[in-house]
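To start, the structure under review is shown below, and the notes come after it.
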Amino acid sequence: MIDILPIQIQPTAASRLAEVDFDHLEFGKAFSDHMFSVDYRDGEWQNAQIVPYGDMAVSPANSALHYGQAIFEGMKAYRQADGGVALFRPLDNWARLNSSAERMCMPTISEELFMQGLTELIRLDEKWVPSAPGYSLYIRPFMFATDGFIGVRPSDSYRFMIFTCPVGLYFNKPLRVRFEQKYVRSAEGGAGYAKNAGNYGAAMYPTKLAQNEGYNQLIWTDASEHQYVEESGTMNAIFVIDGRVVTPALSTSILDGVTRRSVLALARDMGLTVEERRVSSREVMEAQAAGKLNEAFGVGTAATIAPIATIGYQGRDYDLPATDASAFSRRVAAALDAIRTGEGADIHDWMVRV
Ligand code: COI
C-alpha cells in the first residue's frame with residue numbers, strides 16, 4: 001500500500017473567510033475554504049487532492065446512500081497560546097476511523113495518508129482556526145462508498161474526505177435529558193461502537209420524540225433490559241456518584257469516545273476513583289434521591305463537556321444540584337482546555353502541532 005501520495009492542491013480564488021462572524025460561531029454552519037479528498041479504486045488510494053469546499057458529483061446508486069456504507073470522525077484543532085495550531089489526539093481518531101471501516105467492510109487508510117491530508121488541509125486553511133476562548137476548528141473526516149451499483153455487497157470503490165468548520169459551543173446551556181427505555185440506539189454485537197452514519201440516522205426519531213417533550217437529548221439504555229446506561233445523545237455519559245467518577249464500560253454498542261478517554265485519564269491524574277462498569281438507570285436515580293448524584297454530564301468532541309441539569313425518569317423530572325468551580329466536570333473542562341490551547345502542560349502528549 002502507498003503510504004504517502006502527492007496531493008494536488010487547487011486553492012480557492014475567492015476565500016469566504018471575511019463572510020464569517022468569528023465572534024458568534026454556531027456549530028456546523030460555516031465551512032472553511034477547502035476540502036481534502038482521496039479515492040480508493042483498484043485496491044489502492046489514489047488521486048489525493050485539496051479543492052475549494054463545495055458540492056460534488058457522486059453516483060446516485062452508491063451504497064452509502066442506499067445501504068449506509070458511510071463512516072465519519074469528529075476531531076478538533078485549537079489555536080495555541082503562542083499563535084500556532086495543534087490537533088487534539090488525531091491518531092485516536094485515525095485508529096477509530098479504521099475500526100469503523102473494518103466493521104462496515106470499507107478499506108482502511110494509513111496513518112501517513114490520514115495525517116498528510118489533514119495537516120496540509122489545516123495549513124492551507126490555518127486562518128480559519130478561531131482564537132477566541134471556547135472556539136475551535138471542528139474537523140470532519142469521513143468515508144463513503146462510490147460504486148454505481150445497487151446490489152447489496154460492499155462497494156469496490158470509496159472516497160475519503162476531510163472538511164473543517166470553525167465552531168463555538170454545541171450546547172449553550174445545561175441539558176435536560178431523559179432515560180430512553182423503549183427505543184434502542186444499538187444492541188450488543190451490532191455496530192454501535194463504530195461511527196457509521198446509520199447509527200446517527202436511526203437515533204433521530206426517538207430523539208425527536210424526546211425533544212417534542214422538552215428534552216435536549218436522551219440517555220440511551222441497553223437493548224435487552226432497557227436499564228443500563230449506554231450513551232447520552234451523541235455523547236458518552238459520565239456520572240459523579242458520591243465522589244466517584246462512574247461511566248458505562250465500553251462494549252460493542254458504545255462509542256469509544258476520545259473525550260471520554262481523556263476525561264477518565266484526567267480524573268485518574270486528579271486522584272479520583274474511576275469506575276468503568278454497568279450503570280443502571282435505577283442506580284443513578286437512587287443516588288439522586290439520596291443526594292449522592294453529585295454531577296452528570298455528556299462528553300464528546302462536538303459537545304466537549306456538557307453538564308446535565310435535569311434527568312427525566314419514568315415520567316418525572318429530577319433536577320441535579322447546581323455545580324460550582326470545585327465540581328469535577330468544571331475542573332476537568334478547565335484542565336482539558338488548558339492542554340488544548342497550550343496553556344497547560346501536555347503531560348500525556350495529546351497535542352500534535354500542525
Ligand atoms: C462529535 O462529537 O464529533 C460527534 O461526532 C457528534 C456529532 C455527530 C455532532
Side-chain angles (χ1 to χ4, degrees), residues 25-32 35 64 68 70-78 87-101 103-104 114 118 121-122 129-130 134-144 160-172 175 177 180 185-186 191-208 210-211 216-220 230-238 247-248 250 253-264 297-308 329 332-333 336-337 340 350:
L25 289 170
E26 287 178 61
F27 184 88
K29 290 201 170 157
F31 299 93
S32 314
M35 57 189 190
I71 58 174
F72 69 98
E73 275 300 316
M75 51 197 290
K76 280 179 173 169
Y78 294 83
L87 298 157
F88 182 69
R89 306 192 76 168
L91 295 183
D92 292 48
N93 294 94
W94 162 74
R96 191 173 61 187
L97 179 86
N98 280 343
S99 139
S100 302
R103 182 63 179 80
M104 300 304 290
F114 180 88
L118 181 59
L121 181 67
I122 308 277
V129 182
Y135 289 175
S136 56
L137 188 76
Y138 184 77
I139 302 166
R140 175 52 65 90
F142 60 110
M143 193 197 297
F144 56 97
F160 171 70
M161 302 190 66
I162 309 176
F163 63 69
T164 69
C165 320
V167 296
L169 291 175
Y170 194 81
F171 297 114
N172 53 17
L175 303 177
V177 301
E180 175 57 64
R185 176 186 169 275
S186 168
Y193 71 91
K195 221 163 159 58
N196 61 306
N199 285 342
Y200 293 78
M204 286 179 187
Y205 178 68
T207 306
K208 193 176 102 184
Q211 285 170 345
N216 305 104
Q217 284 292 343
L218 296 170
I219 301 183
W220 297 103
E230 297 261 299
E231 302 184 10
S232 180
T234 58
M235 309 171 288
N236 293 112
I238 298 185
T247 193
L250 296 176
S253 60
I254 294 180
L255 188 83
D256 180 0
V258 178
T259 313
R260 172 188 181 279
R261 198 181 298 171
S262 309
V263 165
L264 299 185
F297 52 97
V299 293
T301 298
T304 61
I305 298 206
I308 292 172
S329 54
V332 80
L336 262 181
D337 268 353
R340 286 166 164 163
W350 285 340

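Counting starts at 1 for both ligands and their atoms, in listed order. Both backbone and side-chain heavy atoms feed into the values below; hydrogens, waters and symmetry mates do not.
- Annotation: Ala302 places an N or O atom under 3.5 Å from an N or O atom of ligand 1; distance criterion only.
- Lys195 counts as a contact of ligand 1, since one of its heavy atoms falls under 4.0 Å from the ligand.
- In this structure, Phe114 and Phe160 have tilted ring planes: the angle between them lies in the 30° to 60° band.
- The Tyr138 neighbourhood of ligand 1 comprises atoms 1 (C), 3 (O), 4 (C), 5 (O), with distances under 4.0 Å to a heavy atom of that residue.
- Ion pair Glu230/Arg185 not flagged as a salt bridge, since none of the NZ, NE, NH1 or NH2 atoms sits closer than 4.0 Å to an Asp/Glu carboxylate oxygen.
- Distances from atom 7 (C) of ligand 1 to the heavy atoms of Met235, Arg140, Lys76 show the closest one on Arg140.
- Ligand 1 has no N or O atom lying under 3.5 Å from any N or O atom of Tyr200, backbone or side chain.
- Minimum interatomic distance between Pro130 and Val167 (heavy atoms only, all atoms of both residues): CG-N, 4.4 Å.
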Test Phe144 against Phe72 for ring-ring contact (aromatic ring centres under 6.0 Å, His included), laying out the working first. CA-CA 9 Å; Phe144 56 97; Phe72 69 98; over 10 Å; no

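- What sits closest to atom 6 (C) of ligand 1 on the protein, heavy atoms only, is Thr234 CB, 3.9 Å.
- Residue contacts with ligand 1: Thr301 is placed with a nitrogen or oxygen under 3.5 Å of a nitrogen or oxygen of the ligand (distance criterion only).
- Taking each heavy atom of Leu255 and Tyr193 in turn, the nearest pair found is CD1-O, 3.4 Å.
- Close approach to Phe72 involves these atoms of ligand 1, each under 4.0 Å from a residue heavy atom: 5 (O).
- At least one donor-acceptor pair closer than 3.5 Å links the side chain of Gln211 to the backbone N or O of Asn216.
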